[in-house]
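Input: a single structure, listed below in structure tokens.
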Amino acid sequence: MMNYPVITLRRGKEESLKRFHPWVFSGAIDRLPDSIEEGDTVEVRASDGTPLGVGHFQIGSIAVRMLDKNVIEIDEGFYASRLTDALRLRMALGLIRGDNNAYRLVHGEGDFLPGLIVDVYGSTAVLQAHSPGMHYARNVIARALVSLPGAGLKNVYYKSETTLPYKASLDPQNDYIIGEYDTNIAVENGLKLHVDWLKGQKTGFFVDQRDNRMLLQKYAAGRRVLNMFCYTGGFSVYALRGGAELVHSVDSSAKAVALTRDNVRLNFGDTAPHEAFAEDAFKFLGDMPDGAYDLVVLDPPAFAKHRGAIHNALRGYQKLNARAMEKMPKGSILFTFSCSQAISKEQFRLAVFSAAAQTGRNVRILHQLTQPADHPINIYHPEGEYLKGLILYIE
Ligand code: SAH
């Protein structure tokens, strides 16, 4: 028998766990044992004592992130088995190939490992903990990662300085847990990309736009492309490969602009029809001449980082999209995204509708986009859906 601290729920509060939702909110808890520490693995029981499974305990609104509906041992074998399942899915998706070695191996609840993100770039895994429990398990997880048959992982970089609950005072240091820096060049659909996991945002690169970048490539031939919020220039290199007449990349961060230039040079040398600008999006869109671009990508950072920010975020999306639409020539194409988890696809679409109505343009939806399959959504955890996008035809 496993000997975990036991958390008992209030009467009737077991319902969501019975529907396999992976979180226990603090308000559902009747009794906490005295000897409980943040990050502990705990057993959860219904008020009548029925076991409901095991999870990681933390202090906050989400009190337990469930790891299994049975009371099982959470050890290296557990992590190895979940990681094996995660890898099997990525193999089935065809993401691990000579010309593609950048993918998300673990998408938290979507891979039944709540609180854990693992992105892979070649032989390096970048591990990100969002819960104290995963923070304490980091060495065990790292060992399981480098032992995973078929994954070819040698190095594990831990990057949780900004993702763990601030109040937990865990003082996570960003560093290699196993191995060391080898190369930072990842390959996505045959395109080479410098990934800066040491200093870059999130795990260093946004693998979640892979499929959408491929779609952009299909539309790029002969077009004048604006890649707004370019970060590492992912969309820019696909547009160039697709035969764009010119590509302009914009980001307010000078480092992002430098990274984009590097990535263009890495794939196309110095002669590609590409320029990058370190400028604020609203300023750039305000100053750009009418009709300058007939293919525009708007992929801003999350405008709403929490529920309280939704109203302002929706106004932000409306304004941004209206600024772009009003200057796009007839017959042009707009790729527009929101990665705010707190905003639903209906709300985002309404914001884009308002932008269209404000400019009076004829706008048709060509594609409705979402996150790729290596960011799976656990059907019992709809909160796992965050990326949404629209490809619009503007007349
Ligand atoms: N499209 C990128 C990801 C974008 S992440 C990709 O495919 O990888 C969001 C980017 O927006 C960041 O690089 C950030 O530096 C930039 N950014 C944030 N605020 C901005 C602003 N006001 N104007 C321009 N860029 C901004």
Side-chain angles (χ1 to χ4, degrees), residues 102-104 119 121 126 162 184 186-189 191-197 199-217 219-220 225-242 244 247-264 266-267 274-288 293 295-305 309 312-313 315-324 334-341 343 369-372 374-375 386-391:
Y103 58 92
R104 177 155 291 190
D119 283 343
Y121 307 111
V126 181
T162 58
N184 70 341
V187 188
E188 188 185 271
N189 288 321
L191 289 161
K192 293 185 226 117
L193 294 147
H194 283 286
V195 179
D196 188 0
W197 52 80
K199 293 192 224 78
Q201 304 169 42
K202 303 281 171 79
T203 67
F205 181 69
F206 288 92
V207 280
D208 59 1
Q209 291 287 23
R210 182 195 318 107
D211 296 352
N212 303 330
R213 290 180 187 132
M214 207 65 182
L215 261 172
L216 181 84
Q217 176 180 318
Y219 282 106
V225 180
L226 173 62
N227 179 12
M228 181 56 77
F229 308 98
C230 63
Y231 188 32
T232 57
F235 282 105
S236 306
V237 289
Y238 280 77
L240 288 165
R241 187 166 67 180
V247 179
H248 287 173
S249 307
V250 180
D251 199 290
S252 56
S253 149
K255 264 196 256 163
V257 165
L259 207 48
T260 295
R261 288 193 182 121
D262 277 357
N263 283 331
V264 169
L266 191 61
N267 290 281
H274 175 259
E275 274 185 79
F277 307 88
E279 227 180 274
D280 172 72
F282 287 96
K283 164 121 190 13
F284 190 93
L285 293 172
D287 293 347
M288 81 180 181
Y293 306 102
L295 178 47
V296 174
V297 180
L298 299 174
D299 183 24
F303 282 175
K305 301 236 190 292
N312 282 340
R315 287 232 302 262
Y317 288 117
Q318 178 183 339
K319 190 170 146 201
L320 179 67
N321 281 279
R323 283 282 166 85
L334 175 60
F335 280 58
T336 182
F337 297 96
S338 163
C339 60
S340 303
Q341 189 274 331
I343 288 180
L369 307 175
T370 181
Q371 63 216 57
D374 56 341
H375 296 57
Y386 70 99
L387 183 63
K388 46 247 149 211
L390 296 167
I391 303 182

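Here the structure is a predicted model, which is why all the values come from computation and not from measurement. Remember, it's 1-based here, ligands and their atoms both numbered in the order they're listed. Heavy atoms only: backbone and side chains are in, while hydrogens, waters and symmetry mates are out.
Residues Lys255 and Asp196 are not paired through a salt bridge, judged by the lack of any N-O separation under 4.0 Å between the basic side chain and the carboxylate.
The aromatic rings of Phe335 and Phe235 lie perpendicular to each other, with more than 60° between the two planes, well past the 30° mark. In this pair, Phe229 and Phe303 present their aromatic rings perpendicular. The plane angle is above 60°, beyond the 30 to 60° band.
Side chains of Asn263 and Thr232: a donor-acceptor N/O pair is absent below 3.5 angstrom, by distance only. A donor and an acceptor atom, one from each side chain of Thr260 and Ser236, are nowhere located under 3.5 Å apart.
If you look at ligand 1, the protein residues with a non-hydrogen atom under 4.0 Å away are Gln201, Phe206, Arg213, Phe229, Cys230, Tyr231, Phe235, Asp251, Ser252, Ser253, Glu279, Asp280, Ala281, Asp299, Pro301.
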Step by step, work out the ring pair (Phe, Tyr, Trp, His ring centres under 6.0 Å) result for Phe206 and Phe337.
CA-CA 13 Å; Phe206 288 92; Phe337 297 96; over 10 Å; no
